[in-house]
Amino acid sequence: MSADRMIERAALDKAFQAACQQYAHGNGSSHAIAAAALRAIAAPELLEALEALLGMDVAYQRGPRVEAAVAVGRAAIAKAKGGQQ
């Protein structure tokens, strides 16, 4: 899914809209908006799926390209979760 489609999906999500309305009325938080946006694009589920794939035994395809791809994936997961890059 492209970034534009993810933005559109989040913007149209009812929970995201509700979080925005609460924020606009002064009794919501920017954290609630961010959380609603991430849930709207299924970010937690995508991270879980990526972690599961990286954790699979890919011994039959080990090599520099696979190792590099796994390293990139793990770095992306860490960044998405707020860890070190």
Side-chain angles (χ1 to χ4, degrees):
M1 181 181 305
S2 71
D4 289 340
R5 286 196 65 213
M6 286 189 279
I7 292 167
E8 185 72 11
R9 182 174 176 176
L12 297 175
D13 183 80
K14 289 179 182 174
F16 176 76
Q17 287 296 322
C20 289
Q21 289 298 318
Q22 282 190 312
Y23 184 78
H25 293 283
N27 62 352
S29 72
S30 57
H31 283 84
I33 291 172
L38 290 175
R39 282 191 293 275
I41 62 166
E45 291 84 357
L46 291 170
L47 285 174
E48 187 177 316
L50 180 56
E51 283 181 312
L53 286 171
L54 291 177
M56 292 174 64
D57 183 7
V58 292
Y60 64 92
Q61 290 202 31
R62 286 285 186 214
R65 293 179 72 188
V66 171
E67 295 296 331
V70 168
V72 168
R74 288 196 172 130
I77 291 169
K79 180 178 179 182
K81 289 184 170 183
Q84 292 185 352
Q85 301 172 24

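Everything quoted here is computed from the prediction, not taken from an experiment.
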Starting from Tyr23, walk the hydrophobic network (Ile, Leu, Val, Met, Phe, Trp, Tyr; side-chain heavy atoms closer than 4.5 Å) and list everyone else you reach, by chain and number.
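Once heavy-atom contacts under 4.5 Å are chained together, Tyr23 belongs with Phe16, Ile33.
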Got a sec, which hydrophobics cluster with Ile7, joining ILVMFWY side chains under 4.5 Å apart, including via others?
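Besides Ile7, the hydrophobic cluster comprises nothing; the residue is isolated.
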Not counting sequence neighbours, which residues clear side-chain contact (heavy atoms from CB on, under 4.5 Å) with His31? List them please.
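By the side-chain contact (heavy atoms from CB on, under 4.5 Å) rule, His31 matches Ser29.
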Please enumerate all residues that pass salt bridge (Lys or Arg N to Asp or Glu O under 4.0 Å) together with Glu51, with sequence neighbours excluded.
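Listed in chain order: Lys81.
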Grab the two heavy atoms, one from [X] and one from [Y], that are nearest each other, plus how far apart they are.
X: Ala36; Y: Ala15; value: CB-O, 4.0 Å
X: Ala10; Y: Ala37; value: CB-O, 4.1 Å
X: Ala32; Y: Ala19; value: O-CB, 3.9 Å
X: Leu50; Y: Gly73; value: CD2-O, 4.1 Å

Please report the interatomic distance CD(Glu48) to CD1(Ile77), rounded to the nearest 0.5 Å.
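Between atom CD of Glu48 and atom CD1 of Ile77 there are 10.5 Å.
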Gln22: what forms a side-chain hydrogen bond (donor to acceptor under 3.5 Å, both in side chains) with it, not counting sequence neighbours?
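For Gln22, no residue satisfies side-chain hydrogen bond (donor to acceptor under 3.5 Å, both in side chains) once neighbours in sequence are set aside.
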